[in-house]
Protein chains: 2
Amino acid sequence: MRQKVATIQDVARLSGVSTATVSRALSHPDRVAEPTREAVLRAVRETGYVANPMARNLRRRRTGSILALVPNLANPFFSEILSGLASVLTPAGYGLLIADTHTDPAGRLTYYLESGLADGVVVFDGTLPEEALATRRRPPVILACEWMGETLPSVRVDNAAGAEIAIRHLYEMGHRRIGHAMGPVGNVLTESRLAGARRELEALGLPLREDWIFRGDFGLASGSAAAMTWLGLKERPTAVFCASDEAACGFMGALQHAGISVPSAVSVVGFDDIEVAAHLVPPLTTIRQPRRQIGRRAGELLSAMIEARALGGPSELLPVELIRRQSVAPPPPGQGDLP
Amino acid sequence: MRQKVATIQDVARLSGVSTATVSRALSHPDRVAEPTREAVLRAVRETGYVANPMARNLRRRRTGSILALVPNLANPFFSEILSGLASVLTPAGYGLLIADTHTDPAGRLTYYLESGLADGVVVFDGTLPEEALATRRRPPVILACEWMGETLPSVRVDNAAGAEIAIRHLYEMGHRRIGHAMGPVGNVLTESRLAGARRELEALGLPLREDWIFRGDFGLASGSAAAMTWLGLKERPTAVFCASDEAACGFMGALQHAGISVPSAVSVVGFDDIEVAAHLVPPLTTIRQPRRQIGRRAGELLSAMIEARALGGPSELLPVELIRRQSVAPPPPGQGDLP
DNA sequence: CTGTTAGCGCCTTCAG
DNA sequence: CTGAAGGCGCTAACAG
């Protein structure tokens, strides 16, 4: 089955020039005489020649692809970001290599960086240990998430500000008993959003009661679990700010399945503005992250770093935005104050 | 910045053996004497040597990666399949290269196949023209979707059977007025599911009225649009089988936002069983596709083909399953018969 | 068991 | 403007 593939030599022979000329005719068309180029191109067409990327890259000392490190590929949150990333990488001549940092053994990460498999790396996993990037030699890396250390260039979203906006909105709608459904402990996003919420509540003179903080992991199931906890509470918050839309969706769903009405009995605010948010019942009020743009900017900044052969570069902070829909209403009568 | 990277020569020099031995010590440890190997490994550690994949692959005449052609990366439907795919590819020593067939220019596809960029290809896009694969030379390809021609090995799901099951379930719940929210015209999945639905309805002696077929594209918005159409109908179906869960979600959402109750006024069945389905209000009854397994099996069959250096191979049909939740109920009183 | 030798296919000085 | 030659870094015969 291994049919013979045309090489640059075949083309050279057929068009009666040297391989060097073929190479030039394809890479720098302007540096070759018109008729010669024509002849070469004809031979290319005839042989069906396509340059072997392996050989070319070996020679050029590059790989032509960039690597995305995603914590969990199955999480739809990343698909749109990756889409944005791919849309700028492809025109720039890079392929997109994707690795799941949860599936892959840890050692593999260092390997990825040191192996020269990629010309650049986009890190989406905020929980990767910083040491992981401290390898002898590595390509440019850009973070597309918050990160413990602030040393590397990144494209981030203002998570704390988003949390503050969410809390303020609930406050302005009359809520005083406000809870929070957290992401996974130790995650930077979790911490930023929690910190933002805490700060804003404090500024408003409201408590964040320990029993109104529900631990979770950003997932649907963790939202449902939070709802169960909420149901078991003697004194319940009248509004819950969820650290992700998925959690919010699980939370609202479970509550309504239990006969609790949203938003008349509880108000809910999410985070992310995933596509389904607008189609839920009730439509979810949430903090929008410009996901596609995160991917795009990450790709652009990374290409620039590669071009400049620099390990460092500028960072960028993208704004978030409150999207008001119908999952927030004033608190039920008699519950507008602290218990 | 371009620090010098250790090559196999550096290791050879440092450990006092030939490069061939270094290569063997790393690739075939058993073919090298114990002490020699130790020395080599020590030198490797000392120099931080990592084999250059480009050079290795050029020599081995392989690429070490497989390419996934996805119609739309932003569609979360694929993320779980890709996750399953990655989970078998990584241990097998392959990287996962992902290309968005809608973002990428069409010519690029042929390039992908001919360029020798990947050792194998997984096609998720059922709308790719069959000619696209008719290149001079291409690596093994496996289809992870239905396809017009049945010539290539594939991992598929029994879409028609799924549709039949959905329709039968609605029938058994008492429905006689049954509609269908379609996927995009021309898509194989669309056709199979429509055909399955049509066949089953016929078998049950029921009509599929033209005005009860809602065109769409599998997306949330198209589900909402179908709801609008439904609302405008004089004679409405009491149940709608949606070609995707996203469409079902959009459909139920829009209906409920308009004050129509699901399932008391309309019953809905979806297709896919995406994660959120169970958390919707009401929880969505749907046809489950084993997405992660689709990815896994595709990876396994493809590796086998590559191993065997064969362009052909076995296909596989994965079963679907009805998941009963709460979006289906008997029709409203007086609407249990055809109008 | 180890070293020598010969490329994998391409690009890029350096001459002509 | 074109050709000749060398080598990117590695592995797979083939000898020894």
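Throughout, a chain's letter reflects where its sequence line sits, starting with A, and its residues are numbered from 1.
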Any side-chain N or O of [X] below 4.0 angstrom from OP1/OP2 of [N]?
X     : N      : result
A/T21 : D/dG3  : yes
A/R61 : D/dG9  : yes
A/T36 : D/dT2  : yes
A/R56 : C/dC11 : yes

[X] [atom1] - [N] [atom2] separation (whole Å):
X     : N      : atom1 : atom2 : value
B/Q9  : D/dC10 : CD    : P     : 8 Å
A/L58 : C/dT12 : CG    : C1'   : 14 Å
A/E34 : D/dC1  : CD    : P     : 11 Å
A/I8  : D/dA5  : CD1   : P     : 17 Å
B/R13 : D/dG9  : CZ    : P     : 12 Å
A/N52 : D/dC10 : CG    : P     : 17 Å
A/R31 : D/dG3  : CZ    : P     : 16 Å
B/M54 : D/dG9  : CE    : P     : 11 Å

### Query
Between C/dT12, C/dC1, D/dA13, which nucleotide has the shortest distance from any of its atoms to the side chain of A/H28?
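Nearest listed nucleotide: C/dT12.
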### Task
Side chain of A/Y49 only, please: which of C/dC10, D/dG3, C/dT12 is the nearest?
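Nucleotide nearest to A/Y49's side chain: C/dC10.
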### Task
Give a yes or no answer on whether the side chain of A/T7 reaches the backbone of A/Q9 with a donor-acceptor pair at less than 3.5 Å.
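Yes, the answer is positive, given that a donor and an acceptor are paired below the 3.5 Å cut-off.
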#### Entry: Side-chain donor or acceptor of A/S303 paired with backbone N/O of A/G299 under 3.5 Å
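Yes, the answer is positive, given that a donor and an acceptor are paired below the 3.5 Å cut-off.
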### Query
When you match B/G16 and B/A55 each to their closest nucleotide on DNA chain C, which lands nearer the 5' end?
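Its nucleotide being nearer the 5' end, the pick is B/G16.
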### Task
Could you check whether A/S23 gets within reach of a base, just the sugar-phosphate, or nothing at all, counting any heavy atom under 4.0 Å?
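It contacts base atoms.
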### Message
Under 4.0 Å, counting only non-hydrogen atoms across every strand here, what does A/A20 touch: a base, just sugar-phosphate, or nothing?
### Response
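Base contact.
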### Message
Return whichever of B/R24 or B/P53 has its heavy-atom-nearest nucleotide of DNA chain D closer to the 5' end.
### Response
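By nearest-heavy-atom nucleotide position, the 5'-most residue is B/P53.
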State whether a side-chain donor-acceptor pair under 3.5 Å links [X] with [Y].
X      : Y      : value
B/D119 : B/T63  : yes
B/S83  : B/R292 : yes
A/D125 : A/T101 : yes

### Task
Check whether the side chain of B/R59 and the base of C/dG9 form a donor-acceptor pair under 3.5 Å.
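There is none.
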